[in-house]
Every structure is written in C-alpha cells, then in structure tokens.
Amino acid sequence: MTVLRTSVRNFMAHKGRMALSGMAVLLSVAFVCGTLVFTGTMTTTFDKLFARTASDVMVGPVERPGGGGFDVPSAVGKPDTVPAALAAEVAAVPGVERVTGTVSSPLVVVVDAANENIGPTTGAPTIASAWSEVELRSMEVREGAPPRGPDEIMVDADTAGKKGLAVGDPLRVLTAFGDFPVRISGIAAFTVTNPGATVLYFEGPVARQVLLGGEDAYTELYVDGDGTRTDEELRDAVAAAVGAEEYRLRTAQEYADDSKDAIGEVMSVVQYVLLGFAGIALLVGVFLIVNTFSMLVAQRTREIGLLRAIGSGRGQVNRSVLIEALLLGLIGSVLGFGAGIGLAVGLMVVLREFGMNLSTDDLTIGWSVPVSGVVLGTVVTLLAAYIPARRAGKITPMAALREAGTPGDVRAGRVRAAVGGVLAVGGLGLLAATATVEAASQGWGYLALGIVLSLLGLILVAPALVGLVVRVLGVLLLRVFGPVGRLAERNALRNPRRTGATASALMIGLALVSALSVVGASMVSSATDEIDRSVGADFMVSPVDFGPVLPDVGAAVAGVRDSDGGPLASVTEYRMLSAEITTADGRVTERQLSAAQPSMLTDLTVGTVAGDLERAYERDGIAVDADAAAELGIGVGDELTVAFERGASAVLTVRAITEKSTLEGGTWALSLETARAHVPDEALPLPLMLFVTAQDGRADEARTALETALEPYPQMELLDQYELKEQIRAQIGQLLNMVYGLLALAVIVAVLGVVNTLALAVVERTREIGLMRAIGLSRRQLRRMIRLESVVIALFGALLGTGLGLAWGAAAQRLMALEGMPVLEIPWPVITAVFAGAALVGLVAALAPAFRAGRMNILTAIATE
C-alpha cells in the first residue's frame with residue numbers, strides 16, 4: 001500500500017512532465033479506437049441496408065467462375081439476368097406468397113442539362129433500377145411521383161440536393177443500349193443510410209429496355225413466403241422446382257452475409273491499413289515513454305537513494321515506477337478511447353461531404369473497442385517503462401549522497417552497439433540480396449526481414465553514432481553561432497542514449513516517408529519511360545470511372561475516323577477477356593487476354609522475346625508473355641486450348657513470346673478478329689479504352705475533332721501522351737499524399753518526443769541554467785542554445801531516417817524492376833524537404849522549453865537541488 005501511495009503521489013507531483021507521454025498514448029489509442037468504431041459503423045450501416053431490402057429468398061443468376069477479372073458482367077454492358085418466366089415458376093412453389101422481379105444495373109452514366117455527369121466522384125457507383133415494392137423498403141417518395149412512361153426517371157434526394165436537381169429537370173441516361181433523354185418525375189429519399197451511391201429509378205418495362213436492351217428478364221427475384229415455411233425450407237423448395245445448379249438461391253440471412261462479406265473485404269483492408277499506421281505511431285510513442293521515465297528516474301536519483309536508505313527494496317522501487325507507468329497508460333488510453341469516438345464521428349462528417357451519409361445513430365462501439373484500446377495503450381506503456389524501472393531498482397542507498405539529475409549512461413553500451421551493428425549489417429545485407437533474386441515473389445521476404453532488422457539495428461546503434469554525427473553537424477551548422485553553438489553541441493552529446501532514442505522516434509516516420517517517395521518516384525519514372533518507349537498512339541480515350549467504353553462513344557470516335565478526309569489514321573479498341581487455358585501437357589490456368597485490332601502493334605509497342613508478334617494478331621494466333629511462358633513451359637508453335645468465358649473453346653497457336661510491359665503487365669494478346677470468331681457479339685466485352693492515331697501532321701486537327709465528338713459524353717477523357725504521364729504522376733502523388741497524411745501521426749508523436757526530452761532536460765539542468773545566466777548568458781542566447789540543440793537532434797534523426805529510407809526504397813525498386821518497373825528514381829526535392837522539415841520540427845519543438853528556460857529566476861534556479 002505504501003508503494004502504491006508513493007507512486008500516486010509521484011505521478012501527481014510530476015503530472016506536467018508526464019503530459020506529453022500521455023498525449024502520445026492518447027493519440028495512438030485514439031487512432032486505433034477511431035478506426036475500429038468507424039469500420040464497425042460502416043459495417044452496421046450496410047448490414048441494416050441489406051437486412052431491410054432482402055426478401056425471404058433471393059433468386060439470381062449463378063456466379064461466374066471468372067468473377068473478379070476484366071470479363072465481368074460490367075464489361076459486356078449489362079448485368080447477368082434470369083428469365084422473366086422464372087418468376088411464374090417460383091410463384092407456383094407451395095409456401096410462396098409473392099415474387100417481385102427487379103432490374104438493376106450499375107452500368108449507367110447520367111448527364112444533366114449542363115452536360116455534367118451527376119454520378120459520384122468518390123468511387124461509389126451510379127445505380128439505375130426498376131421502381132417496385134421492394135424499393136419502398138429503403139426509399140420513400142419525397143417530391144413528385146414515381147416514374148411512368150419511357151421519358152421519366154426518379155432521382156435520390158442526396159444526389160438531387162448536391163447537384164441542384166428538381167422535379168421536371170431534363171437528364172440523359174447513357175447505357176450500352178443507347179442515349180435516353182428523360183425528365184425527373186420525382187425525388188426519393190433513403191429511409192436508411194445512403195451508402196454514397198447515386199440512385200435512379202425507371203418504370204419496370206422501361207428499365208428492361210434501357211438497362212437490358214429489351215431482354216425479357218430480371219436481375220434478381222425477391223421471394224416472400226407466406227409464413228408456413230422457414231427461409232431455408234422455402235429456399236430448398238424453390239431450388240427443387242427451378243434447379244439448384246441453374247440459379248443462385250440464398251435466404252435473407254445468406255444474402256446479407258454475402259453482401260456483408262463483399263463489403264467486409266474492402267473494409268478489412270481499410271481497417272488493417274489504418275491500424276498499421278496506428279501501430280507505427282505507437283512504436284514511436286514507445287521511445288517517448290522510455291525517454292520520459294529514464295529522465296524522471298535520473299532526476300529522482302537522490303530521492304530513490306533516500307528511499308533505499310530507509311528500507312525500500314529494489315522490487316518496491318521497481319514496482320513504484322511501473323505503477324506510475326500503469327497510471328499513465330490507463331489515463332492516456334481512456335482519454336484516447338474518448339478521442340477515438342470523436343475521430344470516428346469526424347470521419348463520418350467528412351464522408352458526408354463526399355455523399356456517404358453515415359448516421360451517428362448507427363455508431364457502433366462494441367465491447368472490444370475500449371478493451372482493445374485500453375489494453376494496448378496500457379501494455380505498451382508498461383513495456384516501455386520496464387527498462388527505466390529496472391534501472392531505478394538498481395539505484396543504491398549511496399545515491400542519496402549524490403546530486404539529483406546526474407545523467408547515467410554517458411556512453412551507449414558496447415554490447416548494445418555491437419548487437420545493433422550486427423542487426424543493421426544483416427538487415428542491409430538482406431536488402432542488398434533483393435538484387436540477386438530472379439522473381440519478385442522470391443524477394444519480398446528478404447525485403448520485409450531486411451526492413452525489420454535494419455530498423456532495429458539502427459535504433460540500437462543510434463547512441464553510438466551520436467558522437468560522430470552530432471560533431472559533424474556541429475562543425476557544419478553550430479560553430480557559426482560561437483559559444484552558444486558549442487554549448488548546444490555539448491548538450492546533445494552529454495547523453496547519447498537519450499539523444500539516440502529521441503532521434504530514433506523521428507527516424508521511423510522519416511524513413512517511411514523517404515522509402516515511399518523513392519517507390520512512388522520510381523513508379524512514375526518507369527511508367528513515363530515506358531510511355532515514351534512504347535506508346536505510339538497520339539491519343540487515348542477512356543472513361544474516368546474505370547467503366548467500359550460505351551458503344552455510342554466508340555461510334556462517335558469511329559465517325560471521326562471514317563469521315564471523308566478525316567484527321568484520324570486508326571482507332572484501336574482495347575478489350576479484355578477471361579479464359580481458361582489448357583496447355584499441350586494438360587496444365588490448366590485462368591488468364592486475362594487482351595484483344596485488339598492489328599493496329600495495336602504500332603499503338604503500343606511490346607518487345608518480342610521469340611516469334612513474330614504480327615503473326616500473333618492473325619486469325620487463331622496468340623502471344624504469351626515471357627513469365628507465363630517460362631512458368632507453363634510454353635514455346636512458339638505450341639497449341640493452347642482456350643475456353644473463352646461467355647464463348648466457345650478454340651485451339652490457338654502461340655506465335656510470339658513477349659516481354660512484360662509496365663502498361664500492359666503480363667497480358668496475353670490476340671486479335672479482335674480471333675475473339676469475335678469464338679465469342680458472340682452480345683457476350684464480347686466492351687473496350688476498356690481506345691487508342692487513336694492521327695494522320696501525319698494533323699494531331700491538332702484530330703484533337704479538335706475528337707473533343708467535338710466526345711462532348712456529349714462527359715464520362716470520357718481524351719489524353720495525349722503528355723497528359724497521360726501527368727495523370728499517372730497525379731494519381732501516384734495523391735496516393736502518396738494520403739500515406740504521408742497517415743504517417744503524420746507518427747511524426748507528431750515524434751515531435752512530442754523532442755518537446756518532452758527538451759522540457760525534461762530543462763528541468764534536469766535548472767541549476768546549470770541558473771549558473772550560466774549568472775555568469776552572463778542572456779535569455780536570448782539561452783533560448784538559442786536550446787533551439788540549436790533541438791535542431792541538431794532533429795537533423796540527426798533525419799539523417800538516419802533518410803539514409804534508411806533510401807535503402808528500403810532502392811531494395812523495393814529492385815523487386816519492382818522484375819515486375820516491369822525498371823527505373824530507380826531518387827526524389828531529391830522530397831529528400832531536401834525532409835531535411836528542411838526536420839530543421840523546422842526542431843525549431844518548433846524547442847519553442848516552449850526554450851521559453852520556459854528563459855523565464856527562470858536566476859537565484860531560484862541556482863538554489864535548486
């Protein structure tokens with residue numbers, strides 16, 4: 001009980017010094033809890049939506065084995081369906097009360113009167129459906145009336161509000177079956193949370209015409225029972241009547257579970273990514289906590305020695321420090337849990353601006369959220385405080401005769417430095433080994449282990465590097481400040497372990513930033529180099545939403561090509577198909593095949609390892625990429641049995657082995673003529689993009705003509721080679737900026753570490769500061785000394801971090817080179833910005849400690865023990 005009382009009193013006495021360490025715990029736990037609450041709320045939202053809309057039994061088309069490839073239903077312009085006559089068969093099954101057939105498709109583009117796409121820009125789909133009783137489960141008409149007739153459509157309220165739409169406004173609906181002018185007949189609002197999609201409704205027969213090309217079919221049957229059978233019994237009865245193998249039958253629970261799993265795959269990726277960044281921040285926080293308790297123990301050396309002198313044992317002292325850490329971890333974690341809920345609500349507010357209206361009524365806080373956050377924060381804090389606690393337990397009663405605050409561990413331990421050196425060398429060796437592997441899959445293990453070992457090694461060896469690096473930085477930066485600069489240098493050198501730990505916290509975040517910047521710059525350079533080397537077409541036409549090129553768009557571009565004296569030399573349709581390939585020796589593999597006209601040979605140049613690529617674009621020829629050829633033992637002249645999804649089987653002859661292309665990846669290629677010979681036109685996937693080549697000297701004229709032809713289709717973008725490069729650069733830049741934003745949490749925690757170290761150092765050196773002031777050091781000089789010390793520590797961390805990050809990035813690029821991205825690019829502007837940012841971090845971190853030091857009363861400081 002005495003130990004507990006002493007620990008609580010010490011904690012309360014030093015609560016100000018604990019505040020920044022507690023902030024690190026708070027931020028990390030908040031990120032963990034916020035992530036769990038946010039993803040849990042998303043899951044709950046979709047669960048409610050699926051549960052509300054499902055019927056007792058759902059009957060739909062059977063899943064295709066090629067799902068997930070390019071030849072999915074969206075690629076052919078319409079969703080898979082079941083015959084309309086099936087509804088009557090299902091309705092005749094005993095136990096069925098009502099069958100509602102629905103038509104729904106995400107393969108639409110909706111354009112307003114200003115010729116702007118009203119669909120979401122956040123990746124959510126635009127979904128068009130037939131209005132039916134099923135829709136009333138999740139929607140209610142707020143204005144106007146449901147659609148009646150071929151020229152009416154109803155729009156969801158969120159889209160109408162965001163785009164300024166009203167009843168009576170004209171729209172155009174673009175599908176694979178035409179361009180349909182309509183007017184808004186009504187506006188419907190979600191009675192559950194809108195997941196962010198733009199939702200449109202047609203009258204039933206009109207939906208079939210617009211979305212299915214007039215096919216007498218449904219995309220799903222909603223079967224409601226009369227209550228005499230359970231959902232499972234009703235499903236089995238329907239299966240027996242219509243054929244279990246012909247259709248996909250699911251109970252309401254199975255439908256909800258499948259839908260939940262599909263959403264869960266996406267949400268789990270988001271969750272793991274966010275938790276990964278939270279883990280990085282927590283790791284950085286460990287350094288802050290270790291430093292805090294190490295310095296507190298050093299400052300209380302005399303106090304602990306007195307406790308030992310009056311009878312306290314080592315174990316009691318040890319437990320006393322750990323109890324303080326326990327209090328810090330518990331308080332920081334509990335506050336972090338509360339902040340995490342606020343963070344989750346903040347994310348929901350941000351998403352609302354992008355169209356996903358998550359309601360706080362669905363806020364999901366399971367018992368695992370606070371437990372995970374509190375346990376994680378507390379355990380990490382205890383582990384971080386363990387070494388300082390052991391050090392406190394080793395203080396002898398004779399320490400009561402010494403001055404408090406005497407720094408221990410002036411030199412880093414030789415054993416620690418030796419172990420760190422071995423780990424660092426081993427890690428760097430594994431990173432170097434990535435250059436020796438022949439396939440990227442063989443090198444990822446080397447890379448991952450190399451990153452871990454080199455990081456641990458550099459963390460351990462950092463104190464041993466302090467003397468050398470800080471002295472070099474002192475010569476380069478501090479000597480110009482005269483005696484103040486020398487004092488700052490010596491302060492940074494006086495406790496290498498403390499300086500090394502503080503710098504290591506900053507090193508982790510900066511290493512990741514540097515490594516990712518190298519990877520991103522190398523990807524951009526590789527792609528742009530490939531464009532310069534391979535792309536012969538003058539323009540690329542592709543949808544901005546990654547959908548297919550609709551037939552009307554293809555016809556508009558073809559019209560420019562076919563016009564008398566037109567400026568276009570060729571238009572190449574680039575399509576992707578899924579197929580099952582069987583080799584001559586019986587090996588079976590599923591692959592993606594690209595199909596295009598022979599003009600593709602000049603539009604996109606691909607190196608040939610063997611054979612003749614022109615002959616591969618002749619009837620019943622095929623080209624195979626070199627990696628697949630080696631893997632499957634395929635050579636020029638071999639015959640492959642190709643079973644096209646949605647088509648027939650054919651025997652194709654391998655006529656070329658090609659190099660891997662950054663732009664095409666490992667795609668197998670054949671001519672569009674070959675694809676059409678074995679796949680019906682209605683089952684042939686729509687083009688993913690069009691390559692367009694202008695007549696010699698008529699590129700500007702061609703662009704003008706294409707822009708005019710594409711004007712009615714705002715979902716399409718026209719890019720020349722320069723614009724394609726800029727688009728790639730912008731996309732990778734956006735991804736990196738998002739990652740940098742997440743890494744900012746780790747950097748913030750590291751900055752707190754620098755602030756905390758300096759603040760505690762000021763307390764530790766109170767008497768020393770008073771003496772320096774007494775012999776003539778001005779307040780301005782004192783503050784400058786502390787700022788320069790902070791800058792040196794931050795630059796030391798930047799040097800370690802950028803050096804390590806460059807090694808990680810270079811090793812990752814070596815593996816990417818095996819995947820067709822051969823250019824290593826060092827982004828010197830980013831590296832320069834890292835150093836400048838580190839110096840700024842040092843200055844900002846030192847502001848509060850320097851201000852506090854400058855305000856000290858000289859006589860009071862000198863009298864401090």
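These numbers come from the heavy atoms of this one structure, side chains and all, not from hydrogens, waters or symmetry mates.
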> What are the two closest non-hydrogen atoms of A629 and V624, and how far apart are they?
N-CG1, 3.8 Å

> With distance as the sole test, does T582 use its side chain to make a donor-acceptor pair with the main-chain N or O of V588 at under 3.5 Å?
no

> Of all heavy-atom pairs between P61 and R248, which one has the smallest distance, and what is that distance?
O-CB, 3.5 Å

> D80 vs R646, test: salt bridge (Lys or Arg N to Asp or Glu O under 4.0 Å). Steps then yes/no.
CA-CA 11 Å; D80 286 336; R646 299 172 173 266; 2.9 Å; yes

> Can you tell me how far CZ of R172 sits from CD1 of I118, rounded to the nearest 0.5 angstrom?
12.0 Å

> Can you check whether Y446 reaches L431 side chain to side chain, under 4.5 Å on heavy atoms?
no

> Specify the closest pair of heavy atoms between K78 and F177, including all atoms of both residues, with the distance to one decimal.
CD-CZ, 3.7 Å

> Between L652 and T674, is there a side-chain heavy-atom distance shorter than 4.5 Å?
yes

> Is it the case that more than 12 heavy atoms not belonging to E245 sit under 6.0 Å from its CD atom?
no

> Can a side-chain donor-acceptor contact be found between E590 and S578 if the only test is distance below 3.5 angstrom?
no

> Kindly say whether P79 contributes a backbone atom to a donor-acceptor pair with the side chain of S105 at under 3.5 angstrom?
no

> Does the side chain of Q597 pick up a donor-acceptor pair with the side chain of S671 at under 3.5 Å?
no

> Do other residues, nucleotides or ligands put more than 12 heavy atoms under 6.0 Å from D585 CG?
yes

> Are there more than 12 heavy atoms of other residues, nucleotides or ligands under 6.0 Å from atom CD of E711?
no

> Taking T653 for the side chain and E639 for the main chain, is one N or O donor matched with an acceptor at less than 3.5 Å?
no

> Does any non-hydrogen side-chain atom of L211 lie less than 4.5 Å from one of V108?
yes

> Take E618 and R615 through the test salt bridge (Lys or Arg N to Asp or Glu O under 4.0 Å) and record every step on the way to the result.
CA-CA 5 Å; E618 295 175 0; R615 294 204 59 221; 3.8 Å; yes

> Looking at T602 and S599, would you say the former's side chain and the latter's main chain have a donor-acceptor pair under 3.5 Å?
yes

> Could you go through D620 and V651, starting from their C-alpha distance and side-chain angles, then the distance that decides it, and tell me whether this counts as side chain to side chain contact (heavy atoms under 4.5 Å, CB included)?
CA-CA 7 Å; D620 289 342; V651 176; over 6 Å; no

> Does the pair E673/R676 count as a salt bridge with the N-to-O cut at 4.0 Å?
no

> One pair to check against side chain to side chain contact (heavy atoms under 4.5 Å, CB included): F202 and V103. What are the steps and the verdict?
CA-CA 9 Å; F202 291 95; V103 175; over 6 Å; no

> Once rounded to the nearest 0.5 Å, what's the spacing between atom CG of L670 and atom CG of L577?
7.0 Å

> Would you say CD of E614 has more than 12 non-hydrogen atoms from neighbouring residues, nucleotides or ligands within 6.0 angstrom?
no

> Which pair of non-hydrogen atoms, one from L568 and one from Q695, has the smallest distance, and what is that distance?
O-NE2, 3.4 Å

> Over 60° means perpendicular and under 30° means parallel, so tell me whether F691 and Y574 are parallel, tilted or perpendicular.
perpendicular

> So T81 and E215, side-chain hydrogen bond (donor to acceptor under 3.5 Å, both in side chains) or not? Walk me through it.
CA-CA 9 Å; T81 58; E215 180 183 358; 3.1 Å; yes

> If you compare all heavy atoms of L718 against all heavy atoms of R703, which two are closest, and at what distance to 0.1 Å?
O-NH2, 3.6 Å

> Could you walk me through whether L640 and I634 pass the side chain to side chain contact (heavy atoms under 4.5 Å, CB included) test, one step at a time?
CA-CA 9 Å; L640 305 176; I634 297 173; 4.1 Å; yes

> Would you mind reporting whether L719 and Q727 have side-chain heavy atoms less than 4.5 Å apart?
yes

> For a quick check under 3.5 Å, do R591 and T589 share a side-chain donor-acceptor pair by atom type?
yes

> Give a yes or no on whether the backbone of D720 and the side-chain of E723 come within a donor-acceptor separation of less than 3.5 Å.
yes

> Does one side chain, of S104 or T219, offer a donor that lies under 3.5 Å from an acceptor on the other?
no

> Are any of the side-chain heavy atoms of R235 and E254 separated by less than 4.5 Å?
yes

> Just wondering, do M816 and V519 contact through their side chains at under 4.5 Å, heavy atoms?
yes

> Q813 side chain to P822 main-chain N or O, any donor-acceptor pair under 3.5 Å?
yes

> Main chain of G733, side chain of N737: is a donor-acceptor contact present, judged purely on distance under 3.5 Å?
yes

> Can you tell me if D603 and T693 form a side-chain donor-acceptor pair at under 3.5 Å?
yes

> Do the side-chain N and O atoms of R208 and Y218 include a donor-acceptor pair separated by under 3.5 angstrom?
yes

> Quick one: CE on M540 to CD1 on I531, what's the gap to the nearest 0.5 Å?
6.5 Å

> Does the D638 side chain pair with the main chain of G635, one donor and one acceptor, at a distance under 3.5 Å?
yes

> Taking the side chain as every heavy atom from C-beta outward, state whether D538 and V692 have any pair of such atoms under 4.5 Å apart.
no

> Would the distance check show the side chain of S526 and the main-chain N or O of M523 forming a donor-acceptor pair, the cut-off being under 3.5 Å?
no

> Quick check for you: to the nearest 0.5 Å, what is the distance between E631 atom CD and D625 atom CG?
9.0 Å

> Could you measure the distance from the CG atom of L601 to the CG atom of L613? Nearest 0.5 Å is fine.
5.0 Å

> Give me the atom names and distance for the closest heavy-atom approach of P827 to A521.
CB-CB, 4.0 Å

> Are side-chain heavy atoms of S129 and T102 found at a separation under 4.5 Å?
no

> Count the heavy atoms belonging to other residues, nucleotides or ligands that lie under 6.0 Å from CG of D700, then report whether that count exceeds 12.
no

> May I ask you to decide if V535's main-chain N or O and Q721's side chain share a donor-acceptor pair within less than 3.5 Å?
yes

> Determine, step by step, whether R250 and D258 satisfy the salt bridge (Lys or Arg N to Asp or Glu O under 4.0 Å) criterion, reporting the C-alpha distance in whole Å, the side-chain angles of both residues, the deciding distance to 0.1 Å, and the verdict.
CA-CA 9 Å; R250 293 173 289 176; D258 288 345; 3.4 Å; yes

